Q: 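Please find one structure pasted underneath; my questions will follow.
Chain letters run A, B, ... following the sequence lines, proteins first, then strands; residues in each count from 1. Please read all numbers here as calculations on a predicted model, not as lab measurements.
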Protein chains: 2
Amino acid sequence: MLPLTTPAFLVDREILQRNCERMREKALRSGVAFRPHVKTHKATEIGRLQHGGTVGPITVSTLAEAEHFARDGFRDITYAVPIAPEKLARAAALAQTVERLNLLVDSETALRAVESFHAAHGLVFDLYLKVDCGYHRAGVDPDDPDSARLALALASSPAVHFQGLLTHAGHSYNAVDAEEVRRIAAQEMMALSRFRALLGEDLADIVRSVGSTPTLSAVERFDDCDEVRPGNYVFYDHFQATLGSCGPADVAVSVLATVVGCYPDRGSLIVDAGALALSKDAGASHIDPDAGFGQVTDVALVPQRLRLIALSQEHGKVAGDSGEIARHPVGTQLRIVPNHSCLTAAMFDTYHVVDGGRVVDEWHPVRGW
Amino acid sequence: MLPLTTPAFLVDREILQRNCERMREKALRSGVAFRPHVKTHKATEIGRLQHGGTVGPITVSTLAEAEHFARDGFRDITYAVPIAPEKLARAAALAQTVERLNLLVDSETALRAVESFHAAHGLVFDLYLKVDCGYHRAGVDPDDPDSARLALALASSPAVHFQGLLTHAGHSYNAVDAEEVRRIAAQEMMALSRFRALLGEDLADIVRSVGSTPTLSAVERFDDCDEVRPGNYVFYDHFQATLGSCGPADVAVSVLATVVGCYPDRGSLIVDAGALALSKDAGASHIDPDAGFGQVTDVALVPQRLRLIALSQEHGKVAGDSGEIARHPVGTQLRIVPNHSCLTAAMFDTYHVVDGGRVVDEWHPVRGW
């Protein structure tokens with residue numbers, strides 16, 4: 001029994017540190033710049049662990065994260081979502097308080113908004129061009145001649161310090177095994193080199209920034225790129241373990257829950273961790289149709305023969321055979337390894353840091369936009 | 001354009017008030033007690049609107065909600081999730097500060113925990129017995145003789161003021177139309193009457209408390225029950241509109257988002273509302289396989305021929321034909337009517353209250369457990 005109100009979000013400090021070190025060392029060994037994403041955890045304590053105990057370049061997914069980490073001493077930040085024109089004023093204010101705030105664009109419309117802002121206020125923005133390496137979410141098509149024209153427009157705009165090319169192989173999450181992830185990793189890394197080569201000699205040195213936790217976990221070395229931006233690797237999760245990005249023992253987080261209903265006759269338990277504790281991420285259901293909403297374990301993280309089959313707001317419904325159900329009476333604590341740690345972590349205002357079975361610290365992530 | 005950082009959660013005050021009034025009047029007209037759920041909104045301003053502008057009995061889904069509303073003057077509270085034994089001390093502390101805090105049990109194990117606490121501390125708990133009316137989440141089986149025995153044990157325990165029977169027809173959410181919802185409503189209301197009749201003359205007056213937004217919206221009058229506990233009806237959402245609990249014009253909430261990527265060639269937009277703004281609730285996909293992750297509308301809430309097909313943490317991916325996509329360039333504001341307003345509201349620390357196209361107030365919900 002851990003003496004915590006449930007549901008509670010637990011972070012295993014030892015595993016977290018090991019995950020942080022392993023990725024950082026791989027980047028150092030590869031000779032590339034390391035700009036880890038902080039969106040998974042949003043906590044400055046973990047941002048420092050990603051850099052071996054100090055501040056360093058980071059990637060963020062919201063301006064609220066950027067402002068929070070800047071206040072805590074992080075001075076070199078990439079905001080890796082295409083900038084909305086309405087957010088330029090806020091970004092500009094932040095940019096003036098740090099060494100560098102890189103923004104992302106992938107359209108002439110956004111470039112025109114940046115130039116209008118520059119004309120009115122004089123600020124020159126550090127910009128990356130977002131490139132689509134196959135995920136087809138955001139980013140320009142590297143095979144479209146218009147994309148090269150946009151890159152050259154960025155390079156020649158007086159409103160812009162053009163920093164480089166940035167891509168994210170989010171389609172690695174749709175892969176079914178590590179072999180397919182490695183193919184996508186090669187595609188991610190080559191996409192930017194190929195595109196940069198089209199831009200001519202003057203732009204031969206702009207940064208090629210890549211990163212997704214599956215692709216960066218699957219390869220032994222980061223080649224054909226200048227900077228990596230992994231994020232989820234600090235925690236990993238049940239999805240990443242199913243995909244093979246990590247082993248089950250590398251997942252640093254779980255949600256502590258209490259059994260509040262036990263129904264052996266109908267083969268189900270109810271725990272007090274529902275959709276607001278776990279998020280409704282369906283996990284790696286394309287690989288494991290029985291993934292449910294997370295992996296049910298006992299307090300010592302030993303997987304139980306139980307499946308978390310449904311979530312309502314504050315109830316999690318767990319299925320199993322009647323004997324297994326009866327072994328988990330009302331009051332039993334269980335731990336749920338989340339499908340998607342980024343979304344689950346964001347449901348909590350407090351992370352309980354555990355080491356050797358004891359709670360040793362509390363960390364508080366930033367929230368909102 | 002609304003002058004707000006996106007994503008932002010918008011509440012239409014006029015629709016909210018109309019929804020609140022309609023349900024309250026139906027309860028008054030039916031002559032039953034009205035104990036609305038506050039879990040959907042978690043904001044005391046809306047709790048007061050549910051009672052016509054003042055405090056009144058409420059239902060909560062967490063002790064954090066109970067404590068928050070108690071601080072703001074709500075004195076009669078039902079915590080409608082089976083109590084975890086570890087939470088009894090905290091519930092007891094709260095119970096001593098309000099007129100009534102009803103807790104929920106559905107097992108002998110929980111009753112024994114209550115009796116142990118009573119033996120140690122002397123407190124008598126106000127308890128409801130949770131009954132399963134067909135949802136098969138929590139609650140005792142009303143047709144199992146053990147259930148009647150548990151009810152009688154509650155009635156005779158010196159640790160307990162036995163208040164009544166409580167059920168929730170959550171399976172109404174799996175219905176496909178209003179006709180099926182009405183059948184489930186009848187089942188919900190009759191289940192408790194039938195079960196109470198088994199308990200004998202001494203318990204003929206205990207409260208029968210029912211409630212789900214689909215069932216309570218589908219019927220014109222609340223019969224065969226003593227108390228109703230609807231919650232989602234204050235906001236409704238795209239799910240409820242699809243199911244027929246309300247019309248599209250009755251949905252009081254939406255998420256304001258900005259287009260940050262526009263790709264007519266690939267038939268997609270990216271908006272800055274992702275899984276952390278909307279939640280990943282799949283909505284009424286059993287009725288509408290194209291439900292996606294919410295309904296995309298323009299700022300005036302006119303539905304667009306666009307589908308929100310995927311969410312990552314801070315990106316929403318919207319699909320449409322290339323002409324339709326091109327009509328929503330970078331910088332366009334859209335509004336997403338959420339699939340499940342309870343989960344979406346919980347993602348925001350601030351609700352922006354709009355009236356006549358202007359932001360007129362900000363409300364702040366409670367969060368956590």
Side-chain angles (χ1 to χ4, degrees), chain A residues 1 3 5-8 39 61-63 81-87 90 106-107 109-110 113 130 136-139 141 144 170 258-263 265-266 268 270 272 275-277 279-282 310 312-315 317 329-331 333 340 342-343 346-350 367-369, chain B residues 1 3 5-8 39 61-63 81-87 90 106-107 109-110 113 130 136-139 141 144 170 258-263 265-266 268 270 272 275-277 279-282 310 312-315 317 329-331 333 340 342-343 346-350 367-369:
Chain A
M1 288 283 282
T5 287
T6 54
K39 79 180 178 74
S61 69
T62 65
L63 286 178
V81 174
I83 186 78
E86 54 101 5
K87 293 189 174 85
R90 189 171 155 201
D106 69 358
S107 66
T109 313
K130 176 76 187 257
H136 307 323
R137 187 178 66 179
D141 176 354
D144 182 340
T258 302
V259 174
V260 296
C262 179
Y263 316 99
D265 291 353
R266 35 187 214 252
S268 62
I270 298 296
D272 63 357
L276 285 197
S279 93
K280 289 190 89 164
D281 197 282
S312 42
Q313 186 162 340
E314 297 293 348
H315 300 73
K317 185 173 183 174
V330 167
Q333 283 188 343
H340 188 168
C342 311
L343 300 191
M347 309 312 275
F348 291 84
D349 287 334
T350 301
R367 165 171 162 83
W369 300 271
Chain B
M1 287 284 283
T5 287
T6 54
K39 77 181 180 73
S61 70
T62 65
L63 286 179
V81 174
I83 185 78
E86 54 102 4
K87 294 190 173 84
R90 188 171 155 202
D106 70 357
S107 66
T109 313
K130 175 78 187 253
H136 307 322
R137 187 177 67 178
D141 176 354
D144 182 340
T258 302
V259 174
V260 296
C262 178
Y263 316 99
D265 291 353
R266 34 188 214 255
S268 62
I270 298 296
D272 63 356
L276 285 196
S279 95
K280 290 190 87 164
D281 198 282
S312 43
Q313 186 162 340
E314 298 293 348
H315 300 73
K317 184 173 183 173
V330 167
Q333 283 188 344
H340 187 167
C342 311
L343 300 190
M347 309 312 276
F348 290 83
D349 286 335
T350 301
R367 166 171 161 83
W369 298 272

Q: Between B:P3 and chain A, with a heavy-atom cut-off of 4.5 Å, which part of the residue counts as in contact: side chain, backbone, both or neither?
A: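 Answer is neither: B:P3 stays 4.5 Å or more from chain A.
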Q: Which atoms of B:T350 come close to chain A, meaning under 4.5 Å heavy atom to heavy atom: side chain ones, backbone ones, both, or neither?
A: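 Contact with chain A: none, neither part.
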Q: Against chain B, label A:A282 side chain, backbone, both or neither, depending on which of its atoms sit under 4.5 Å from a heavy atom there.
A: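 A:A282 has no heavy atom closer than 4.5 Å to chain B.
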Q: In Å, rounded to the nearest 0.5 Å, how long is the span from OG of B:S61 to CD of A:Q313?
A: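 It comes to 4.5 Å.
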Q: Working to the nearest 0.5 Å, report the span between CG of B:D349 and CG of A:D349.
A: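 One gets 7.5 Å once the value is rounded to the nearest 0.5 Å.
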Q: If you count heavy-atom pairs within less than 4.5 Å of chain B, which of A:A110, A:A277, A:G368 leads?
A: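 Maximum pair count with chain B is reached by A:A277.
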Q: Among the options A:S279, A:A346, A:A8, A:A275, pick out the one with the most heavy-atom pairs lying under 4.5 Å from chain B.
A: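 Between A:S279, A:A346, A:A8, A:A275, the count favours A:A346.
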Q: Answer with side chain, backbone, both or neither: which region of A:L276 has an atom nearer than 4.5 Å to a non-hydrogen atom of chain B?
A: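 Both parts, backbone and side chain.
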Q: Sort A:T5 into side chain, backbone, both or neither according to what part of it lies under 4.5 angstrom from a heavy atom of chain B.
A: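 For A:T5, backbone and side chain are both near chain B.
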Q: Heavy-atom pairs under 4.5 Å with chain B: which of A:K317, A:R367, A:E86 has the most?
A: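 Most pairs with chain B among the choices: A:R367.
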Q: Give the member of A:G170, A:P7, A:P329 that has the highest number of heavy-atom pairs under 4.5 Å with chain B.
A: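 Among A:G170, A:P7, A:P329, the one with the most close pairs to chain B is A:P7.
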Q: Looking at B:A138, B:P85, B:G331, B:G261, which makes the most heavy-atom pairs under 4.5 Å with chain A?
A: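 Of the options given, most contacts go to B:A138.
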Q: Given that the side chain runs from C-beta out, which part of A:H136 has a heavy atom under 4.5 Å from chain B: side chain, backbone, both or neither?
A: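 Both the backbone and the side chain of A:H136 come within 4.5 Å of chain B.
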Q: When heavy-atom pairs shorter than 4.5 Å are enumerated against chain A, which of B:T109, B:D106, B:D265 gives the highest number?
A: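 Highest number of heavy-atom pairs under 4.5 Å: B:D106.
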Q: Kindly indicate whether the side chain of B:T6, heavy atoms from C-beta on, has any atom under 4.5 Å from the side chain of A:K87.
A: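 B:T6 reaches A:K87 side chain to side chain.
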Q: A side-chain contact here means heavy atoms from C-beta on lying under 4.5 Å apart; do A:S268 and B:R137 qualify?
A: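 No, every pair of side-chain atoms sits at 4.5 Å or beyond.
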Q: To the nearest 0.5 angstrom, please state how far the OG atom of A:S312 sits from the NE2 atom of B:H340.
A: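 Reported value, rounded in 0.5 Å steps: 8.5 Å.
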Q: How about B:Y263 and A:D141: do any of their side-chain heavy atoms sit closer than 4.5 Å?
A: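 In short, these two side chains do not touch, never coming nearer than 4.5 Å.
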Q: Can you tell which part of B:A310 gets under 4.5 Å to a heavy atom of chain A, answering side chain, backbone, both or neither?
A: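 Neither part; nothing is under 4.5 Å.
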